[in-house]
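In this text the structure is predicted, and so the values were computed from the model without any measurement. Chain naming here is simple, since letters A, B, ... match the order of the sequence lines and numbering starts at 1 in each.
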Protein chains: 2
Amino acid sequence: MFSTTCQYAIRAILYLALNTDDNHKIGADVLSEELEMPKHFLAKILQQLTKSGFVSSSKGRNGGFYLSDKDKASNLLEIIYVIDGPSRFENCILGLKECSGKTPCPYHSDVQTFRRDFKSKLQNETIFESAKRIAENNLTLNINH
Amino acid sequence: MFSTTCQYAIRAILYLALNTDDNHKIGADVLSEELEMPKHFLAKILQQLTKSGFVSSSKGRNGGFYLSDKDKASNLLEIIYVIDGPSRFENCILGLKECSGKTPCPYHSDVQTFRRDFKSKLQNETIFESAKRIAENNLTLNINH
DNA sequence: TTTTAATAAGACTTAAATATCTTTTTATCT
DNA sequence: AGATAAAAAGATATTTAAGTCTTATTAAAA
């Protein structure tokens with residue numbers, strides 16, 4: 001469903017939402033260990049998200065990545081779209097160029113129902129709310145934490 | 001969700017189910033044009049499925065690929081497992097190594113529900129039944145047909 | 001003001017999936 | 001028997017995603 005890059009992005013964002021704010025930053029180095037992701041690769045993803053305005057960062061000593069309150073008001077779908085684009089939610093599951101309600105493939109309706117619901121969940125829940133839900137329900141972003 | 005290879009396999013199998021039997025074969029050449037797939041690539045996929053016992057073929061002049069009645073009694077899940085393996089239905093959507101009912105990721109339950117239903121649809125419907133459903137409901141395996 | 005530790009940027013490498021090309025084998029038709 | 005047309009097999013090529021490495025920039029601490 002999501003590219004590896006996008007999976008890293010989602011987990012990183014949610015981790016940042018849970019553990020950082022304007023006064024608590026975290027380095028790509030530490031973050032990559034916490035989430036067990038390749039360091040430099042994660043750094044590049046975070047830089048892309050910083051450029052796109054979904055993550056905040058500060059350079060130099062004591063610098064790091066974090067989510068401001070404003071960052072936490074965004075939603076995961078926006079972030080997914082920056083990384084993977086909308087194609088993952090739109091492309092036919094059998095790879096047909098034309099597949100819609102009018103000319104559906106044999107599995108169009110099954111998939112479409114799920115996608116619609118999942119997409120709106122990702123869109124309607126703010127990062128802040130996601131973090132809250134994760135904390136309250138003890139959900140995991142990594143085995144060991 | 002599925003690899004390109006697997007998408008080709010599914011569409012090819014269903015096309016064969018609709019258009020072939022013991023006395024009506026089709027060549028990889030024609031099939032690749034009908035379904036707009038790379039010829040040699042499709043041929044390799046069909047050869048793999050023939051080896052695995054899901055597709056029948058005959059070599060030499062007037063040869064080709066086809067589905068026998070026995071072939072049509074199998075289900076798509078088996079074929080998907082031959083090509084992509086079970087991982088596509090099992091791997092965590094966020095890429096976590098451990099993600100289950102006990103230690104769920106933030107989207108585990110949403111995804112799990114869909115997967116269970118979709119998987120059992122693929123498993124419980126024979127290729128023959130799929131073909132019937134496709135014919136009756138005018139579903140598409142390719143834009144132009 | 002120099003050192004240090006962080007992000008930023010971009011070049012480079014590796015691995016996997018996808019696609020193509022060539023040769024071999026086999027069955028059928030002429 | 002020879003020509004033909006198909007699958008089978010396997011080698012090679014291309015493309016894309018994933019991952020790594022190196023250098024530049026920046027800001028704070030010493």
Shorter than 3.5 Å, N or O on both sides, protein versus nucleotides 19-23 of chain C: list them out with atom names.
{"residue": "C:dA19", "atom": "OP2", "partner": "B:Tyr8", "partner atom": "OH", "Å": "3.2"}

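- Listed by chain and number, the residues in a side-chain hydrogen bond (donor to acceptor under 3.5 Å, both in side chains) with B:Glu125 are B:Ser130, B:Arg133 (sequence neighbours excluded).
- Rounding to whole angstrom units, NZ of residue B:Lys25 and C1' of C:dT26 are separated by 13 Å.
- Among residues two or more places apart in sequence or in another chain, the side-chain hydrogen bond (donor to acceptor under 3.5 Å, both in side chains) test is passed with A:His40 by none.
- Under the rule for a ring pair (Phe, Tyr, Trp, His ring centres under 6.0 Å), B:Phe2 has no partner lying at least two apart in sequence or in another chain.
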Report, one pair per line, the protein and nucleotides 3-8 of chain D atoms (nitrogen or oxygen only) whose separation is under 3.5 Å.
{"residue": "D:dT4", "atom": "O3'", "partner": "B:Arg61", "partner atom": "NH2", "Å": "3.3"}
{"residue": "D:dA6", "atom": "N3", "partner": "B:Gly60", "partner atom": "N", "Å": "3.4"}
{"residue": "D:dA7", "atom": "OP1", "partner": "B:Ala28", "partner atom": "N", "Å": "2.9"}
{"residue": "D:dA7", "atom": "O3'", "partner": "B:Ser57", "partner atom": "OG", "Å": "3.3"}
{"residue": "D:dA8", "atom": "OP1", "partner": "B:Ser57", "partner atom": "OG", "Å": "2.9"}
{"residue": "D:dA8", "atom": "N7", "partner": "B:Gln47", "partner atom": "NE2", "Å": "3.2"}

Hey, can you pull the donor-acceptor pairs under 3.5 Å for the side chains in residues 72-95 of chain A, sequence neighbours left out?
{"residue": "A:Lys72", "atom": "NZ", "partner": "A:Thr20", "partner atom": "O", "Å": "2.8"}
{"residue": "A:Ser74", "atom": "OG", "partner": "A:Asp71", "partner atom": "O", "Å": "2.7"}
{"residue": "A:Asn75", "atom": "OD1", "partner": "A:Leu77", "partner atom": "N", "Å": "3.0"}
{"residue": "A:Asn75", "atom": "OD1", "partner": "A:Glu78", "partner atom": "N", "Å": "3.0"}
{"residue": "A:Asn75", "atom": "ND2", "partner": "A:Glu78", "partner atom": "OE1", "Å": "3.4"}
{"residue": "A:Asn75", "atom": "ND2", "partner": "A:Gln123", "partner atom": "O", "Å": "3.4"}
{"residue": "A:Glu78", "atom": "OE1", "partner": "A:Asn75", "partner atom": "N", "Å": "3.0"}
{"residue": "A:Tyr81", "atom": "OH", "partner": "A:Lys119", "partner atom": "NZ", "Å": "3.4"}
{"residue": "A:Asp84", "atom": "OD1", "partner": "A:Ser3", "partner atom": "OG", "Å": "2.6"}
{"residue": "A:Asp84", "atom": "OD2", "partner": "A:Ser3", "partner atom": "N", "Å": "3.0"}
{"residue": "A:Asp84", "atom": "OD2", "partner": "A:Ser3", "partner atom": "OG", "Å": "3.4"}
{"residue": "A:Arg88", "atom": "NH1", "partner": "A:Met1", "partner atom": "O", "Å": "3.3"}

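- Look at CG on A:Leu35: it is 17 Å from C1' on D:dG19, rounded to the nearest Å.
- In terms of the side chain to side chain contact (heavy atoms under 4.5 Å, CB included) criterion, residue partners of B:Ser100 (sequence neighbours excluded) are, by chain and number, B:Lys102, B:Thr103.
- Taking 4.5 Å as the limit, every side-chain heavy atom of A:Ile26 sits out of range of all side-chain heavy atoms of A:Asn19.
- Residues passing the salt bridge (Lys or Arg N to Asp or Glu O under 4.0 Å) test with B:Asp29 are B:Lys39, sequence neighbours excluded.
- For residues 112-138 of chain A, every residue pair satisfying the ring-ring contact (aromatic ring centres under 6.0 Å, His included) rule, not counting sequence neighbours, is listed here: A:Phe114-A:Phe118, A:Phe114-B:Phe114, A:Phe118-B:Tyr107.
- One interatomic measurement links the two molecules: CG of A:Leu31 to P of C:dT7, which rounds to 9 Å at whole-angstrom precision.
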